[in-house]
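Input: a single structure, listed below in structure tokens.
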Number of protein chains: 2
Amino acid sequence: MRLCETEESRVVRELMGKLGDKWSVLLVVMLAKAPGQRARFSELQRMLTGISQRVLTTTLRDAERDGFVAREVFAEVPPRVEYELTELGRSLLGPMEHLARWIGEHWPTIAAARERFDRRG
Amino acid sequence: MRLCETEESRVVRELMGKLGDKWSVLLVVMLAKAPGQRARFSELQRMLTGISQRVLTTTLRDAERDGFVAREVFAEVPPRVEYELTELGRSLLGPMEHLARWIGEHWPTIAAARERFDRRG
DNA sequence: CAGCATCCGCCCGGATACTG
DNA sequence: CAGTATCCGGGCGGATGCTG
């Protein structure tokens, strides 16, 4: 895939935008860390410190729509809902860690560049 | 680098958010394609079809601040400004293409998942 | 417990007009 | 040519309150 082509670049941008939103990546990562790569709503809310119910819900719905997570409802009282990383979701971890490694390695350089830039105005 | 740690995950999220904005990735890619990995303002505006002057300016400033591109002003009339991919910016291309390849390979799966999801409501 | 509904402030990005 | 200045609408995401 070449990044430069208009149609494909649209797809790339669209998905980058999604992955770049405030919580999506962290959601996938946290789910990957969970035992069995499964967790329920309230567990995820604790893991994603600071996220609101509303935003966690929409983030989960988006991830479900894209096929990254699967939602399973248990007919119990009190209700229980579990979210699980799908095969597709797991396959995202590779590129994700790749990018995270790049960021980790180059973060000092970026931070230094910012400081230089900000000092000059 | 582990994605799960709070401080580092903040960094990852912050950079992912930036890379995920509407034009940043495309800017780096277009610049990478340009001869000498350099281009002037108006050339970039033509390459990034649909971008406004104002947004191209802020996108370039952000990329410059992070050290991805270098800005060079020529004391000429009419004025000429060229933007060039830095070493740091070039090193971004690896992870970027990696992610783009993943998206290209898995896009059909994602599109199918969306269609299924949307049909049920 | 796991949400949906509502309201709302903020910022991103587009449009337009002007300048060194 | 390469910006800056200003205005503005839409959407993201947080807070709160209510339900099956």
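Throughout, a chain's letter reflects where its sequence line sits, starting with A, and its residues are numbered from 1. Because only heavy atoms are used, hydrogens play no part in the values below, and waters and symmetry mates are left out as well, while side chains stay in.
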What is the separation between atom [atom1] on [X] and atom [atom2] on [N], rounded to the nearest whole Å?
| X | N | atom1 | atom2 | answer |
| --- | --- | --- | --- | --- |
| B:Ile51 | D:dG3 | CD1 | P | 13 Å |
| A:Asp62 | D:dG11 | CG | P | 14 Å |
| B:Asp21 | D:dC12 | CG | P | 14 Å |
| A:Glu14 | D:dG11 | CD | C1' | 15 Å |
| A:Leu56 | C:dC1 | CG | C1' | 13 Å |
| A:Leu48 | D:dG14 | CG | P | 11 Å |
| B:Leu60 | C:dG13 | CG | P | 13 Å |

Query - N-O pairing of A:Arg40 and A:Glu76 below 4.0 Å - result: no

Query raised in the report: Do A:Arg119 and A:Glu115 sit within salt-bridge range, that is, some charged N less than 4.0 Å from a carboxylate O?
Result: yes

The side chain of [X] is closest to which nucleotide in this list: [options]?
| X | options | answer |
| --- | --- | --- |
| A:Lys22 | C:dC4, D:dG14, C:dG14 | D:dG14 |
| A:Phe41 | C:dA2, C:dG14, D:dG3 | C:dA2 |
| A:Arg61 | D:dC1, C:dC4, D:dG14 | C:dC4 |
| B:Arg54 | D:dA5, D:dG3, D:dG14 | D:dA5 |
| A:Gln53 | C:dA2, D:dG14, D:dA2 | C:dA2 |

Query raised in the report: Does A:Ser42 place a side-chain N or O at less than 4.0 Å from the phosphate oxygens OP1/OP2 of C:dA2?
Result: yes

Query - Residues in contact with DNA chain C, drawn from residues 64-83 of chain A - heavy-atom cutoff 4.0 Å - result: A:Arg71, A:Pro78, A:Pro79, A:Val81, A:Tyr83

Query raised in the report: Sub-3.5 Å donor-acceptor pair from the side chain of A:Arg13 to the main-chain atoms of B:Lys22, do we have one?
Result: yes

Requested in this report: Quick one: closest heavy-atom pair of B:Val12 and A:Ala100, and the distance?
Outcome: CG2-CB, 4.5 Å

Query raised in the report: If you look at every heavy atom in B:Val25 and B:Leu19, which pair is closest and at what distance?
Result: CG2-O, 2.9 Å

Requested in this report: Take A:Arg46 and A:Glu43 through the salt bridge (charged side-chain N to carboxylate O under 4.0 Å, His left out) test and state the conclusion after the steps.
Outcome: CA-CA 5 Å; A:Arg46 263 191 302 280; A:Glu43 291 172 340; 5.3 Å; no

**Report entry** Sole candidate of A:Val55, A:Leu27, A:Val81 that passes side-chain contact (heavy atoms from CB on, under 4.5 Å) when paired with A:Leu60
**Finding:** A:Leu27

